[in-house]
Every structure is written in structure tokens, then in C-alpha cells.
Amino acid sequence: MTELKLTLNVKAAGATDALQAAAVRKTAATETLEDAWIRILAMKNSEPDNAKLHAVKQAMDNGKIGRDPASANKRFSKAEALRMYSVLAEQQREGKLAELVANTPDNYVLVTDETVLYELTLLAMKEPIIAVDTETTGLDVYSDVIVGVSLTLPTIDRHYYIPFEPTHDARALPIEALELLRPLIENESVGKVLHNAIYDIAMFRRHGITLKGLAWDTMTAMHLLNENEPSYKLKDLAPVYIGSESDTFAELFGKDAKFAEVPLDIALVYAAKDTHLTWDLYVFQSQHLKKMPEMYEYYCTVEVPLLIVIADLESNGYVLDLDFAKEYGEKLRRQAEALLSELLAVLTPFHEGEEQLNINSNQQLKPALSKAIGKELPNLDAKKTLKPLKSEFEIIAKLLEYKKITKLSGTYIDKLPLKQNAVTKRWHSRFNPMGTVTGRFSSGKDEEDKSEQGFNVQNQPKDARKMFVAPPGKVIIGADFKAQEIRCVAHLSGEKVLIDAFLNERDPYASLASDFHGKPYEEVYKTAEGDDTVERKEMKVGMLAAIYGTSKYTLAEQLNTTPNEAQAFLDRMFKTMPQLDGWIKETQEFAAKYGFVWMDGKQRKRRLPDAKLKAKWGDKDTWRKISRAKRQGPNGRVQGSSSIQTKVTMIRAYEMCQRKEGWRLWGTVHDELLFEAPIDFTEQDAQDVEDVMTNSYKFGDVPNGSDLEVMTIWGKGVPVSKWFADKESK
DNA sequence: ATTCTGAGCCAC
DNA sequence: AAACGTGGCTCAGAAT
């Protein structure tokens, strides 16, 4: 498969120019079908389009499908080929469905009788571990409902599908019969294996059933086994890892089909196969993961229980102050309008073209602005290009202000209010624990349904956070890990200078800057006015550069100096931290040798195959890949190990919330956990939060630190000490 | 109308 | 041997 694709791509790349010229010369009458195919396949086609085009070509070659006579006199186009794919897919779909039903395995069982279902649950409860899946009316876990449940009972090798009432078939059981499954789903001692468990947990929750005994999620486990996998859909993984091909729901039933409308004989084969595949994938995955005992242990004790925590966090959701959002949004709109008319007044004379200048189009703005200031701009990057020109040209200052405002209202203030859930009246985001290659959470989109865009909680700007408020009678408590990544790298590298700073409870940047400049600690920590000193700032930038693998050129820009000076600074900085320096080099050498790096305690891997590449002289492309992989090595270890700390701490925090009345986990933003707590929480409660933050996961001997903030509006907090002091004085 | 991509920018 | 690691969302523009 891969080889075929490569050959075609190579051919396409080399032949493109000649082909384009040929295509222009040729008329519709002279281009043969074969030539048309070469031309179409040489286009920049998306991966799905490419697959469709090849399917059509093959079907045409085999005489299974032909051109519509109505368009036979026109030049054969990609559009026509794709239209033919729809016809082909429809032809094949009917054949496939008939074949599926005819070949229903004997051990796939449709359950349409309550007594049989009851007996099935008794049988299932004898199993130590089963596979579970739900079919639903749609993908919104707050408004859609279950239409069927699949179960795989491995010891007897049977796979069941139980359709419920929304299903358009009289044989489906009444939805009340879902209750018969409760004792099984809620039974802690029957392990459950699912693919994308968060989804099914939420669906069962819709029906008041709490899934217990979660043992494995084949989707998240796959991320741990290979974070570079192109797709984590069950139907994409199965052929690769368990050699079992099957069609996706859309392929079989069409894009907009509803599972409730699928005939039961087909639904059985499709749904029972889901848990069957899930089970087989689980067997494969657990065998492989067990070969790496630390990873296996990490998966079972952190990533699996974390799914329950996330499902609960997501379902809790957020409360937004809509009045504030409306008022603030209008204020921003007025400001943007005023700025826009000023910008247009200046820039329109420099704009070429019939239409009115669109300020939001960089393609139009760049030439107009360049002419207006009499300087050719390379791009419109706010930080690198525009900001340095801000004081020289008023128009640029106004443009920056305009961009900032329209970004804020266009992405956050105006958009978020539209995403309220109609059923719960709250705002629910998604937290994907395997959303990043390092192990951090991603937030916003659904991994299995990327078309449906949610909202990202983790990149809300400070001004947008003001929309998020604590529910009535509650406060939001934010607890961060103080200098999490620096403590992490201190532990991983064993860097004495850093570890000592933390043991002495000193600010690491100030401590480093003090050594570096030979000045007293207090002098470089804070200025008389309480601001950060230049020495501390510089050291902070330098340390982050070390972790991120920043080049001397970028660092020079950040420190407002020359690349040589920046390099000299880094050299001197590393000289004061020899263990850190050595650790970075060792990590890069390890990556180059093995093609991966370990997170803390071998609990997780970051696979960097490019680090093993060898670049010949002048091969810049390969060199760039190697350089990138080299930067990713140390950074991945730090970011990934830090995320392990955050995840372990989240589980302990969740357990703490379970013990406290009215407490829930509200969110997480990488190095920070947020709680929802009763407004009359006690100092002991605050102490418990701090204990959870600092004691749940240790980076060796490096102590953890945490700052707590109390707020009713996200981002507008007071330190917990001040909260209680204010309370006292009232 | 729908889908995709790149530039740009928000967070840590 | 030039460009900072991990994400997600919006907009414009292009392609179909």
C-alpha cells in the first residue's frame, strides 16, 4: 500500500510541469481517458480524495462502472471522477451490506427478549473482563440517547448486540429494559474494555448508569503504544494491528445515516463487531504494553482511572456570565468599528483593486500597508514585524489594537456564548488526555468527531476568562504547580544548582541570576517597586530557551541582543549548570541512537524516529528534521514528565473532591488544577488542596510548590491567605 | 455549499 | 547547515 503510493507520488512530482503544459495544449477531443487519469492523479489531491480516485479508476478499468453518457463529450474531470465514486460507493454499499448479513458469524447474537437479556447479564457477570460499546442517536452526550449496547464475553467467545427503543424496529427492547444492564455496567468486579471510553461513560450517564470497573481503553492505550499513529479510530487500527478489515459507519450507511434506522440484521453484525474488534485489540495491546512494565503500570493506574475523572469534569461544565459577555462584546465591537474606519481612511488610497480593502485579509493588507509606511513588509506577524514599528507609525499601533480586539471578540467573547448546551444550559468542553504527543491534555475538539468544533478551555485569554464564573454558592479555587517544568528538569538532570535553589525555597531564576552576575539574591529577585528585575527576566528566558531548544537567533530577538551575544549567554549559563548541560546532550544522543526518549521513570515514551536520520552534506531537509527531533527530545521529556505529575495529581484531587461535600474538579490547564468549591470552604480545605498538589507526585528529592487562588470570576483571584483575612475582617 | 490549507494568534 | 516545544480556533482564499 505504502509503496504504491510512493511510486505514484514520485511520478506525479516529476511529471507535473510537463503534464500541465500538455493539458493546456490538449483539447477535450484529443485527451485520452488514460491521459486524463494521469492528469487527475497528478493533482494535489487530499488523502481521502486520492483513495476515492483510485477506487474509481480500478472500477473503470475492470468495467464495473462507466462514464455518464451525458458528460461523455466533455473532458474527464476530477469532479466527474468523484461523482462517479458516489455511484460506485452506493453500488458497493448494497453488495457489502448483503454480504455482511449473509456472513454473520455464528457467535454474533441479537438480543430482543428481556429474559434473554437478563440471563445474558448473569452470564456476563461470571466474566472477569468484558468489552462494551454503545450505539446512539447522535454524538452529543448531553442530548442524544442510547439505541443499542454491544457486549463481548471473551471466555465463551460470544458477541451480543442489544437494540433499544429508539431503534426503528418492533423487536427492539423498550428503553426501560436498559435497567437490566445496570447491575453489570455498575459492577466493579467485572472489568470493562472500551474504545473511547469517555464517550460511552457519558452516554450511560445520560441514562443514570455509572460505568464501573473500567479496565482498558483501546484508544488511549494506542496513543501510549504509538503517539505518532495517523488515526486512532477503531476501524483504522484494526486492520493494522489485528489484521481485521471492516467498513466504517459512513462507508456502510452513508454520512448522515442514523443508527436507529439501520435494519437490525445489519446492526447486529456492525455493532457486535465493534466490541469483538475492541477485545482483540485489547489482547494485542496488553501483551505489548506488558513488555514495558513501567508503562503498563502507568497506563493502568493513571491513564485508565483518569478517564473517569475527565468524564466527570466534562459533564460538570461551565457557567458563563452572558450579560457580561454581551456588554463586553458590544464595547469591543464599538472600539473595533472606530479603529476600522480610521485604518480604512489611511489605507484605502494605497489599496489596488475594485473591492473595498478587507483589513482581515493579509494578502490585501500587506501591499497596502507597505505602501502606506513606505517600507516593504516581509509578513504581518504582530510580534516580529509589526510591534517593532509600532512607535514609528501610528497606523501600525492602530492596526495592532484592531487585531487584538477582533481576535478577542471574534474567537472568544462573541463565540463562546453561542456554544451553550441546550439541555444542560452549561458550557461543556472536551479534555483529551492523549491529545498531544507528549502526554499533555488537549482541549476543544472531539478526537473521533473532529468536524464538530467545541471550545478550548486551555487557551482562553485573560480577558475571555472573565466570562467564566463560579456557579451560585461556589467559588473557583485555582492551584498551580510553581515552576513545574523547571523542578521537573532539575529532577531529571540532577542539576545541583537548581535542586539546591528549590531545597532552599528560593526562586530558581533569581537564584541562577544571583550566581551568574555575582550579585546578592535579593538584589536580582525583585526591584524596589516589586517588579521582576532584568537579570531574573533574562535568566527565565534563558532557562526556557534551554528547555525548548531555542536557537541563538530567536533567543537574540527575545533578549534584544545579537545572536553571538545570545550564544555567549547560553554558554555561560550552561557552564554554571554542568549537569543540565550534560543531560541535554545525553538525551539527544539517546534519541539519535534509539529513536525515542523516556519520560520520568520510563512511564511513557516520546518516539522520535527522525533523530536517527543521517544527513549528507547539503541535505538541508534531512538536517532540519534531525534538528527538530533533537529539540523535541529534551523538551518532550520535560513536558511529558510534568504532564504525568499533573495527571496523577488530578486523580488524587478527584478523590479528595469525592470526600468533600460540594467539591468538584473544574478544569486543568497543564500546570494548574481548578476546583469548584462551596463558598464557605475552610482553611483546612485549602490546606488539603495544597497537600494534594505538593504530595501526589514527587520529582525525586525536588520539593513541589503550589500557589492557591480563590475567585468567583476566572482569572480575578485573590491568594487564599487574603481570602481568609478578608473574611476575618468582615 | 462544503472542504481544505496556511497565516496568524491565544494558552502553557 | 536559521528560525522555539505542545496544542486549537478563526479567517481568507482556493478548489471543487
Side-chain angles (χ1 to χ4, degrees), chain A residues 40 43-49 77-83 227 255 358-366 379-386 400 403-404 406-412 414-416 419 429-432 434-446 450-451 453-465 480-481 483-485 541 544-558 563 566 606 608 615-640 642-643 646 668-672 715:
Chain A
I40 291 165
M43 289 176 183
K44 250 194 189 172
N45 297 314
S46 67
E47 208 42 54
D49 271 2
S77 67
K78 178 181 168 185
E80 187 184 347
L82 290 176
R83 277 197 302 276
E227 74 281 5
K255 198 159 66 79
N358 181 354
I359 295 277
N360 296 327
S361 161
N362 284 354
Q363 210 175 84
Q364 294 175 32
L365 182 59
K366 190 157 82 86
N379 52 49
L380 296 177
D381 189 294
K383 234 188 201 139
K384 281 188 191 139
T385 311
L386 299 180
L400 284 170
K403 282 191 159 196
K404 195 177 149 67
T406 51
K407 168 83 176 176
L408 182 60
S409 58
T411 308
Y412 306 102
D414 293 345
K415 290 292 161 66
L416 226 53
K419 298 182 179 181
S429 181
R430 302 300 316 274
F431 285 86
N432 183 350
M434 294 290 193
T436 75
V437 288
T438 55
R440 272 189 177 185
F441 281 92
S442 69
S443 166
K445 67 182 175 190
D446 184 307
K450 294 189 164 74
S451 62
Q453 281 179 353
F455 65 96
N456 182 348
V457 177
Q458 302 190 137
N459 77 340
Q460 295 294 320
K462 204 164 187 339
D463 284 325
R465 291 184 180 190
D480 69 344
F481 289 106
Q484 185 187 36
E485 293 197 336
V541 172
L544 291 175
I547 292 175
Y548 290 165
T550 311
S551 73
K552 59 182 175 181
Y553 305 97
T554 307
L555 183 60
E557 278 173 15
Q558 289 169 354
R606 173 76 180 104
L608 300 164
K616 291 205 178 92
W617 281 101
D619 184 354
K620 282 189 193 170
D621 189 50
T622 307
W623 185 84
R624 259 197 284 271
K625 281 183 185 165
I626 298 169
S627 310
R628 184 175 156 80
K630 273 191 174 173
R631 289 192 297 272
Q632 286 170 317
N635 184 255
R637 293 186 74 183
V638 176
Q639 202 180 100
S642 297
S643 80
T646 301
T668 173
V669 190
H670 308 307
D671 65 345
E672 183 184 15

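These figures come from a predicted structure and were not determined experimentally. Side chains are part of it too, since the values below use all heavy atoms of this structure and drop only hydrogens, waters and symmetry mates. Residue numbers start from 1 in every chain, and the chains themselves are labelled A, B, ... in the order their sequence lines are given, proteins ahead of strands.
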From dT6(C), dT10(C), dC10(B), nucleotide with atom closest to K419(A) side chain: dT10(C)

Euclidean distance, atom CG of residue D446(A) to atom P of dG7(C) [Å, nearest integer]: 17 Å

Which residues share a salt bridge (Lys or Arg N to Asp or Glu O under 4.0 Å) with R606(A), sequence neighbours left out: E227(A)

Sugar-phosphate only, base, or nothing, as touched by A464(A) at under 4.0 Å among non-hydrogen atoms: nothing

Taking every non-hydrogen atom, the tightest pair across L555(A) and A545(A): CD1-CB, 3.9 Å

Sugar-phosphate, base or nothing in reach of K552(A), heavy atoms under 4.0 Å: nothing

Reported CZ-to-CZ distance for the pair F455(A) and R430(A), which is rounded to 0.5 angstrom: 11.5 Å

Touch class at under 4.0 angstrom, heavy-atom based, for Q484(A) against every strand present: nothing

Interatomic distance, D480(A) CG vs dA11(B) P [rounded to whole Å]: 16 Å

Nucleotide nearest V669(A) (side chain, heavy atoms from C-beta), chosen from dC12(B), dC9(B), dC9(C): dC12(B)

DNA chain C: 5'-proximal contact among Q364(A) and Y412(A) (nearest heavy atom): Y412(A)

Phosphate-side-chain proximity, N358(A) and dA12(C), N/O vs OP1/OP2 below 4.0 Å: yes

Side-chain touch T550(A)/L544(A), heavy atoms, less than 4.5 angstrom: no

Q639(A) and T438(A): side chain donor to acceptor below 3.5 Å: yes

For atom CG of N456(A) and atom P of dG7(C), their distance in whole Å: 12 Å

Sugar-phosphate, base or nothing in reach of V638(A), heavy atoms under 4.0 Å: nothing

Pairwise distance CG(L386(A)) to CG(L400(A)) - rounded to 0.5 angstrom: 5.0 Å

Side-chain N or O of N635(A) closer than 4.0 Å to phosphate OP1/OP2 of dT6(C): no

Side chain of N360(A) - closest among dC10(B), dA12(C), dG13(C): dA12(C)

Filtered N/O pairs between nucleotides 1-3 of chain C and protein, under 3.5 Å:
unit_1: dA3(C); atom_1: O3'; unit_2: T554(A); atom_2: OG1; d: 3.2

Out of dG5(C), dA11(B), dG8(B), whichever nucleotide has its closest atom nearest the side chain of Q632(A): dG5(C)

Length of the line joining D381(A):CG and dC10(B):P, which is rounded to integer Å: 10 Å

Touch class at under 4.0 angstrom, heavy-atom based, for R430(A) against every strand present: nothing

Distance test, side-chain N/O of S361(A) to OP1/OP2 of dG13(C), below 4.0 Å: yes

Residue mapping more 5' on DNA chain C - nearest nucleotide basis, S442(A) or T550(A): T550(A)

Touch class at under 4.0 angstrom, heavy-atom based, for S643(A) against every strand present: nothing

Atom-to-atom span, NE2 of H670(A) to C1' of dG7(C) - whole angstrom: 7 Å

Between OG on residue S429(A) and CD on residue Q458(A), distance to nearest 0.5 Å: 8.0 Å

Whole-Å gap separating C1' (dC12(B)) and CZ (F431(A)): 13 Å

Quiz item: K407(A) side-chain donor-acceptor pair to dC10(B) base, under 3.5 Å: no

Sugar-phosphate, base or nothing in reach of R465(A), heavy atoms under 4.0 Å: sugar-phosphate

Sugar-phosphate only, base, or nothing, as touched by L380(A) at under 4.0 Å among non-hydrogen atoms: sugar-phosphate

Rounded distance (Å) that lies between atom C1' of dG5(C) and atom CZ of R440(A): 8 Å

Distance test, side-chain N/O of K366(A) to OP1/OP2 of dG8(B), below 4.0 Å: no

Partners passing side chain to side chain contact (heavy atoms under 4.5 Å, CB included) against R624(A) (at least two apart in sequence or in another chain): K620(A)

Residue pair S361(A) / N358(A), side-chain donor-acceptor N/O under 3.5 Å: no

Distance in angstrom units between N362(A) CG and dG8(B) P, rounded: 5 Å

